[in-house]
Amino acid sequence: MIGLIAFIPILATIFFMVGLNWGAKKALPLSLLIAIIIAKFVWDMEILNIFAYSIYGGLKAFDILIIIFGAILILNTLKESGAMDSINDGFSNISKDRRIQAIIIAWMFSAFIEGAAGFGTPAALAAPLLVGLGFPALGAAMIALIMNSSPVAFGAVGTPMNGAMSTLISNLNSAGADVSIFLNQLTILVSLLHGLVGTFIPLLAVAMLTKFFGKEKSFKPALEVAPFAIFAGLSFCIPMFGIAYFFGHELASLVGAFIGLTLVVGAAKVGFLMPKKDWGFNGYTEKTKTLKSIKKNKISLISAWTPYILIALILVVTRIPEFGIKDILLSLTVGIHNILGLEGLDYNLKWAYLPGTIPFMLVAVITHFLHNMKKKSIITAWTTTFKQMTGASIALIAGVALVQLMLNSSNNLSGYESMLTEMAKSIASIAGESYIYVSPLIGMLGTFMSGSNTVSNILFASLQFETAHILGLSPLVIVALQVVAGGIGNMICVNNIVAVCATVNISGVEGKLMKYNIIPAILYCILIVIISIILINLNLIPALVIVGN
């Protein structure tokens, strides 16, 4: 019963955004109010603690807002400098086909950024870039989120996997298991599940794009590009699996995406597996030679792409520990200690490490000089960016406050565990021996609320392991489903949806975007469960944790 009560704030959020089609800036503050009432009268939390955790969440929202601000600023800066016109022409030289452009940017380029940075950065970059090329804003946001799923488990140089292992070590030690063997097996299984389904994600995303945003309102244009879309899926998923299998989890997405991006762009340039006719949102056009006929812009193509290249390089250098910069940036913080007098509740803003500052804002300033921008254009870029932030600020502050309150609701006088843990336990108890079918929902739930595959793994990996052990299921399989589903949750998580809508300036339609993305998210979950069951029945993965010597 208590687990069902814990679900109320989430169900309210879904009802407001999907059922009533409210915007996030209206739905999330009301959901937060509902959570506060439940925290006080059911969880018996002290009022001071309720407000302390809510304030802490509101402060944590600034981390996301800074990323959003930086992403919007880059787009507006490139628009004002004229670089977006050059980028648009550059993609036309590769292909005028919007399906191909979507695959290159939202699948391959986004996967590379995910491998380096993660934490919402890929979609925040890909969606506005697509809008700048002429994609409808809602369609750009939709496919940017859908395609930012398969690379997530190994994103941010393997951070989600590290998050899972940080909570599993004690479970593995108690079971007498070899931690390194389990990590190796988990890495292989996660890459296999993501790889097998991820191969078809570009095709699925393009199918939704043509169905909901094309003139024809049909899946047919997507089927025509199926050979290239599947090739693009394989171009990332095979290298990702190979790197994960032979070298481990940290560089699987980063290196896999680099290899894939090279293959896919090269294939598009030479016309390999390309459709016969170009497709756009107004229908089909005959292929034309564009290399010589496109008008010259004042910004060269190399100069236009330089800001994105700089961002990618900075993200790689500052995220890989071996370069020695990551720890320095992480140490540069400003914060508030013991919020409302609550011991240990500290907010630290890692301002130098956030992608919104050094990569995004710094590169935006560099671009002012690189593209010889006039003062008026610079001012327009910055003022437009601030205006676009209003709706997202309200929604994210309320949304992250809601998450932090639910996460920390274990600090109560009732004896209950946190709302999120009680929800997960409720799902597990109801599922029983059918737990394998619903375990991905817990992984998605964690990401849906927290906005992070890493946080979802930290919250629930240990719970998933122990539940599997009790029910006689393979803990390896169940934890793998947790990790993979946490990445899938990126498609529908509230924070990411609000953030992406803000970057493309369509705040208020978050509920509609969630309706679109729940379709591929559920389909992805169903497929990974089916594949897992097949692998178990074929004895291709161990039924129990491998025990060390």
A.B. asks: Would a 4.5 Å heavy-atom cut-off, applied to side chains only, mark H194 and C237 as touching?
C.D. replies: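 No, side chains not in contact.
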
A.B. asks: Could you give the distance from CG (N348) to NZ (K60), rounded to the nearest 0.5 Å?
C.D. replies: 8.5 Å

A.B. asks: Do W279 and E224 pass the side chain to side chain contact (heavy atoms under 4.5 Å, CB included) test, and can you show the C-alpha distance, the side-chain angles, and the key distance before you say yes or no?
C.D. replies: CA-CA 10 Å; W279 179 88; E224 293 168 352; 5.8 Å; no

A.B. asks: How many angstroms lie between CG in L193 and CG in L527, if you round to the nearest 0.5 Å?
C.D. replies: 10.5 Å

A.B. asks: Do W107 and F109 have ring centres separated by under 6.0 Å?
C.D. replies: no

A.B. asks: Counting C-beta onward and ignoring hydrogens, is there a side-chain heavy-atom pair between I378 and E80 closer than 4.5 Å?
C.D. replies: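 Side-chain contact under 4.5 Å: no.
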
A.B. asks: When rounded to the nearest 0.5 angstrom, what is the spacing between CD1 in I243 and CD1 in I259?
C.D. replies: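 Between atom CD1 of I243 and atom CD1 of I259 there are 5.0 Å.
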
A.B. asks: Which class fits the ring pair F212 and Y516: parallel under 30°, tilted 30 to 60°, perpendicular over 60°?
C.D. replies: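 Judged by the thresholds at 30° and 60°, the geometry between F212 and Y516 is tilted.
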
A.B. asks: Give, for atom CE of M491 and atom CD1 of I522, the distance between the pair rounded to the nearest 0.5 Å.
C.D. replies: 10.0 Å

A.B. asks: Enter the distance from L133:CG to I105:CD1 here, rounded to the nearest 0.5 Å.
C.D. replies: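 Output value for this atom pair is 4.5 Å.
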
A.B. asks: Ignoring hydrogens and geometry, is there a side-chain-to-backbone donor-acceptor pair from S456 to N453 under 3.5 Å?
C.D. replies: no

A.B. asks: Do other residues, nucleotides or ligands put more than 12 heavy atoms under 6.0 Å from F258 CZ?
C.D. replies: no

A.B. asks: For F69 and W382, take the angle between the two ring planes, folded into 0 to 90°, and tell me which bin it lands in: parallel under 30, tilted 30 to 60, perpendicular over 60.
C.D. replies: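 Correct class here is tilted.
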
A.B. asks: Taking atom types as modelled, is there a side-chain donor on Q101 or S95 under 3.5 Å from an acceptor on the other?
C.D. replies: no

A.B. asks: CG of L332 to CD1 of I358: how many Å apart, nearest 0.5 Å?
C.D. replies: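 Here the interatomic distance stands at 7.5 Å.
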
A.B. asks: Show, in sequence, the C-alpha distance, side-chain angles and deciding distance for L523 and I519, and conclude whether the side chain to side chain contact (heavy atoms under 4.5 Å, CB included) test is met.
C.D. replies: CA-CA 6 Å; L523 179 60; I519 300 170; 5.7 Å; no

A.B. asks: Pair T447, V152 - check side chain to side chain contact (heavy atoms under 4.5 Å, CB included), show working.
C.D. replies: CA-CA 11 Å; T447 304; V152 173; over 6 Å; no

A.B. asks: Decide yes or no on side chain to side chain contact (heavy atoms under 4.5 Å, CB included) for R99 and F228, but give the supporting numbers first.
C.D. replies: CA-CA 10 Å; R99 300 165 296 186; F228 186 87; over 6 Å; no

A.B. asks: Measure the acute angle between the ring planes of Y308 and W305, then classify it against the limits of 30° and 60° as parallel, tilted or perpendicular.
C.D. replies: tilted

A.B. asks: Counting only heavy atoms from other residues, nucleotides and ligands, does the tally under 6.0 Å from NZ of K217 exceed 12?
C.D. replies: yes

A.B. asks: Can a donor-acceptor pair be found between the side chains of N76 and T385 at a distance below 3.5 Å?
C.D. replies: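 T385 and N76 do have a side-chain donor-acceptor pair below 3.5 Å.
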
A.B. asks: A quick test of your reading: do over 12 heavy atoms of other residues, nucleotides or ligands sit less than 6.0 Å from CD1 of I302?
C.D. replies: no

A.B. asks: Evaluate the side-chain proximity of I14 to F448: yes if any heavy-atom separation is below 4.5 Å, no if none is.
C.D. replies: yes

A.B. asks: Are E250 and N162 close enough that some pair of their side-chain heavy atoms sits under 4.5 Å apart?
C.D. replies: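 In short, these two side chains touch, coming nearer than 4.5 Å.
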
A.B. asks: Does E114 use its side chain to pair, donor to acceptor, with the backbone of F112 at less than 3.5 Å?
C.D. replies: no

A.B. asks: Show your working on ring pair (Phe, Tyr, Trp, His ring centres under 6.0 Å) between F272 and F231 and close with a plain yes or no.
C.D. replies: CA-CA 10 Å; F272 179 67; F231 168 75; 5.3 Å; yes

A.B. asks: I'd like to know if the side chain of Y524 and the backbone of I488 have a donor-acceptor N/O pair within less than 3.5 Å.
C.D. replies: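 Checking the backbone N and O of I488 against the side chain of Y524, no donor-acceptor pair under 3.5 Å is found.
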
A.B. asks: Is S86 reaching over with its side chain to a backbone N or O of I299, donor-acceptor style, under 3.5 angstrom?
C.D. replies: yes

A.B. asks: Do K350 and L329 have side chains that get closer than 4.5 Å, going by heavy atoms?
C.D. replies: no

A.B. asks: Evaluate the side-chain proximity of F281 to R98: yes if any heavy-atom separation is below 4.5 Å, no if none is.
C.D. replies: yes

A.B. asks: Any side-chain heavy atom of L28 sitting closer than 4.5 Å to one from T13?
C.D. replies: yes

A.B. asks: Side-chain contact test, heavy atoms from C-beta onward, threshold under 4.5 Å: evaluate it for P520 versus M208 and give yes or no.
C.D. replies: yes

